Amino acid sequence: MRTKRLARIVFVAWRYGLDEFAASPEAPAGVRLACWCARALRLWQHPTAPRGQRLREALESLGPIFVKFGQVLSTRRDLLPEDVADELAKLQDQVPPFASDLAASEIERGLGRRIDECFASFERVPVASASIAQVHFATLPDGREVAVKVLRPDMQPAIERDLALLRAGGALLLKVSAEVRRLRPLEVVKQFDQYLHDELDLIREGANANQLRRNFAGTGLLRVPEIHWGHSATNVLTMERMHGIPISRLERLRAAGIDLKKLSRDGVEIFFTQVFRHGFFHADMHPGNILVGDRPEDFNRYIALDFGIVGTLSDVDKNYVAQNFVAFFRRDYRRIADLHIESGWVPEDTRVDELEGAVRTCCEPVFDRPLKDISLGVVLLRLFQASRRFSVEIQPQLVLLQKTLLNVEGLGRQLDPDLDLWVTAKPILERWMREQVGVTGLIDRFKEEAPQWSRMLPQLPRLVHAVLEQQARPIHQRHSATERLLKELIEEQRRTRRWVVLMAVMMLGAVLTALMLT
């Protein structure tokens with residue numbers, strides 16, 4: 001079976017002229033000869049379409065797993081040529097549905113009950129179908145409408161088979177093409193492996209949805225469906241059915257009275273709130289995963305769907321992104337270079353002035369356009385590109401962020417061509433930075449540590465007494481103590497010093513709090 005699949009991949013690669021990607025002058029003579037033979041065998045049928053289009057069409061013909069791989073590959077704009085990345089971004093995840101009987105069997109297997117025991121009604125014709133799963137509408141016994149997402153059967157063996165072939169192909173291309181080596185194919189395959197296995201666990205997707213739902217509870221900005229855990233398993237996810245208009249249907253939105261300008265601004269605010277306030281963001285915000293509410297309870301509000309891919313950012317990541325954006329719009333390229341070095345991602349021997357010059361060369365042309373036309377996603381991409389020549393290893397979560405930001409910008413400007421992304425995003429960035437470095441941030445961090453103080457502070461007098469008592473003993477007695485006791489006392493002394501510092505910081509915090517309240 002694997003041999004047959006490999007033969008199919010080789011045939012598709014030949015048919016679409018993908019040997020072009022391997023035919024580099026530095027490739028071994030055998031590889032160059034094989035590429036020449038492939039071109040000769042095509043006779044007069046030489047492909048004329050651009051290379052990016054041919055790669056996209058080849059992946060589509062190889063089936064759902066390769067389509068998903070192309071989608072993941074399209075997120076690595078820090079590695080891909082622009083023409084290839086643009087074409088791969090066009091890949092659609094719409095594939096023919098699998099049989100309804102198979103879907104019902106998978107649901108029954110996952111839930112351990114018959115369909116008629118789980119649902120009062122179940123629509124056997126799927127409403128949506130993708131490479132990993134498909135969705136059916138149903139009704140719970142209590143009358144609530146739900147959407148049931150079920151994994152395609154036997155996905156695990158198919159995925160493992162194609163992943164093994166992708167790894168083998170990536171390892172081979174590393175040996176034959178310098179251009180492909182720059183794309184780090186094995187790293188991309190590893191990232192793809194992680195995404196696929198995350199999407200194969202629908203419980204994980206449900207947990208992502210719950211977290212996002214909590215984060216936006218009471219905001220009125222984003223609606224996230226409720227997960228019905230009693231009707232969910234690793235291969236089945238049952239969630240509240242959402243009613244709305246696909247965000248790409250602009251005429252329907254206008255006819256329904258939706259305020260597109262407000263919608264575009266809300267989309268930017270939702271994204272930056274996820275990134276800088278929550279550090280947890282929906283990383284698959286293409287139009288197919290977003291509805292706009294047209295009913296009174298959700299009118300003019302975003303409705304999110306499909307939570308298989310989310311991104312997370314640490315405080316270090318958030319600080320890096322926020323300060324880069326602010327420094328860029330101030331044209332403070334020295335600060336951008338310093339941020340790269342402070343992050344620890346740049347080799348130690350990097351000269352900051354050379355990195356500053358590369359950033360300036362990459363970013364300065366952007367300012368030829370009006371500020372409202374500047375893409376923050378492109379800004380981040382340019383920073384990644386400027387870093388590449390200095391062997392900076394851009395972190396995967398930041399690449400995912402950049403891809404999502406491009407989606408958000410494209411969507412926002414489709415809704416409102418006059419959207420000034422910077423005007424919308426700047427207050428959020430500035431507020432976050434004030435919270436991090438100002439008095440408010442200091443007080444918040446004190447509150448976070450307060451539960452630990454209640455446990456540790458009562459021990460402080462005993463520790464201080466033990467250390468002082470030890471210091472008061474005659475020197476000869478102290479020398480006669482056992483080595484173990486000495487080590488314990490030394491450690492206690494160190495802890496005491498730390499607590500003295502902590503008490504001083506607490507006192508400072510109390511003073512600052514009092515000043516703020518007066």
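Bear in mind that the values here come from a model prediction, so they are computed numbers and not experimental data.
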For this session: Could you please spell out the steps behind the side-chain contact (heavy atoms from CB on, under 4.5 Å) verdict for Gln274 and Asn215?
Result: CA-CA 8 Å; Gln274 290 180 83; Asn215 288 347; over 6 Å; no

Exercise. Could you go step by step and tell me if Glu57 and Arg54 meet the salt bridge (charged side-chain N to carboxylate O under 4.0 Å, His left out) rule?
Worked result: CA-CA 5 Å; Glu57 292 173 351; Arg54 285 185 278 120; over 6 Å; no

For this session: Give the intermediate values and the outcome of side-chain contact (heavy atoms from CB on, under 4.5 Å) for residues Val408 and Ile270.
Result: CA-CA 10 Å; Val408 170; Ile270 287 169; over 6 Å; no

For this session: With side-chain contact (heavy atoms from CB on, under 4.5 Å) as the test, would you mind laying out the steps for Tyr302 and Leu263 before giving the verdict?
Result: CA-CA 8 Å; Tyr302 279 88; Leu263 202 63; 3.7 Å; yes

For this session: Start with the C-alpha distance between Phe122 and Asp116, add both sets of side-chain angles, then the distance that settles side-chain contact (heavy atoms from CB on, under 4.5 Å), and finish with yes or no.
Result: CA-CA 8 Å; Phe122 181 82; Asp116 56 4; over 6 Å; no

Exercise. Under the salt bridge (charged side-chain N to carboxylate O under 4.0 Å, His left out) criterion, do Asp298 and Arg295 qualify, and how do the steps go?
Worked result: CA-CA 6 Å; Asp298 291 320; Arg295 296 188 173 188; over 6 Å; no

Exercise. Checking side chain to side chain donor-acceptor pair (under 3.5 Å) for the pair Arg152/Ser129: CA distance, chi angles, key distance, verdict?
Worked result: CA-CA 10 Å; Arg152 288 178 175 269; Ser129 179; 3.1 Å; yes

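Judged purely by atom type and a 3.5 angstrom limit, Asp317 uses its side chain to pair as donor or acceptor with the backbone of Ser314. Without hydrogens or angle criteria, Arg213 side chain to Val224 main chain gives a donor-acceptor distance under 3.5 Å.
Side-chain contact between Phe307 and Pro225 is present, with heavy atoms from C-beta onward closer than 4.5 Å. Arg124 places a side-chain heavy atom less than 4.5 Å from the side chain of Asp101. Using a 4.5 Å cut-off on side-chain heavy atoms (C-beta onward), Gln414 and Leu250 make contact. Contact check for Asn208 versus Phe280: side-chain heavy atoms found under the 4.5 Å cut-off. Looking at heavy atoms from C-beta onward, Leu59 lies in side-chain contact with Leu88 at the 4.5 angstrom threshold. Residues Val310 and Leu212 are not in side-chain contact: their nearest non-hydrogen atoms beyond the backbone lie 4.5 Å or more apart. When side chains are defined from C-beta on, Leu291 does not count as touching Arg223, because their heavy atoms never get closer than 4.5 Å. The closest side-chain heavy-atom distance from Glu240 to Arg144 is not below 4.5 Å.
The two residues Ser264 and Gly412 come nearest to each other via the heavy atoms CB-O, 3.4 Å. Smallest separation of non-hydrogen atoms from Phe299 and Gly257: CZ-O, 3.7 Å. What you find for Leu111 and Ser232 is that their closest heavy atoms are CD2-N, 3.6 Å. Closest approach of Pro141 to Glu117, counting heavy atoms only: CG-O, 4.5 Å. In this structure, Leu260 and Leu415 approach most closely via the heavy-atom pair CB-O, 3.6 Å. Looking at every heavy atom in both residues, Ala327 comes nearest to Ile336 through CB-CG1, 3.7 Å.
When only modelled atom types and interatomic distance are considered, Arg56 and Gln53 share no side-chain donor-acceptor pair under 3.5 Å. A donor and an acceptor atom, one from each side chain of Glu226 and His228, are nowhere located under 3.5 Å apart.
Ile245 contributes atom CD1, which lies 14.0 Å from atom CD1 of Ile290 (distance to the nearest 0.5 angstrom). Asn300 contributes atom CG, which lies 10.5 Å from atom CG of Asp294 (distance to the nearest 0.5 angstrom). Within the model, atoms NE2 of His282 and CG of Leu222 stand 8.5 Å from one another, a figure rounded to the nearest 0.5 Å. Note: Arg161 CZ to Ile159 CD1 = 10.5 Å, rounded to the nearest 0.5 Å. Distance CZ/Phe281 to CZ/Phe272: 11.5 Å, rounded to 0.5 Å. Interatomic distance, CD of Glu106 versus CD of Glu108, reported as 10.5 Å (0.5 Å rounding).
In this structure Phe98 satisfies the ring pair (Phe, Tyr, Trp, His ring centres under 6.0 Å) test with no other residue, sequence neighbours excluded. For the ring pair (Phe, Tyr, Trp, His ring centres under 6.0 Å) test, residues two or more places apart in sequence or in another chain that qualify with His278 are Phe216. Here His231 pairs with Phe119 under the ring pair (Phe, Tyr, Trp, His ring centres under 6.0 Å) rule; sequence neighbours left out.
When each of Ile227, Ile132, Leu151, Thr238 is checked for a side chain to side chain contact (heavy atoms under 4.5 Å, CB included) with Leu202, only Leu151 meets the rule.
Shown here is Arg214, whose CZ atom has more than 12 heavy atoms of other residues, nucleotides or ligands within 6.0 Å.
Taking a cutoff of 4.0 Å between a charged side-chain nitrogen and a carboxylate oxygen, Arg265 and Asp416 do not qualify as a salt bridge.
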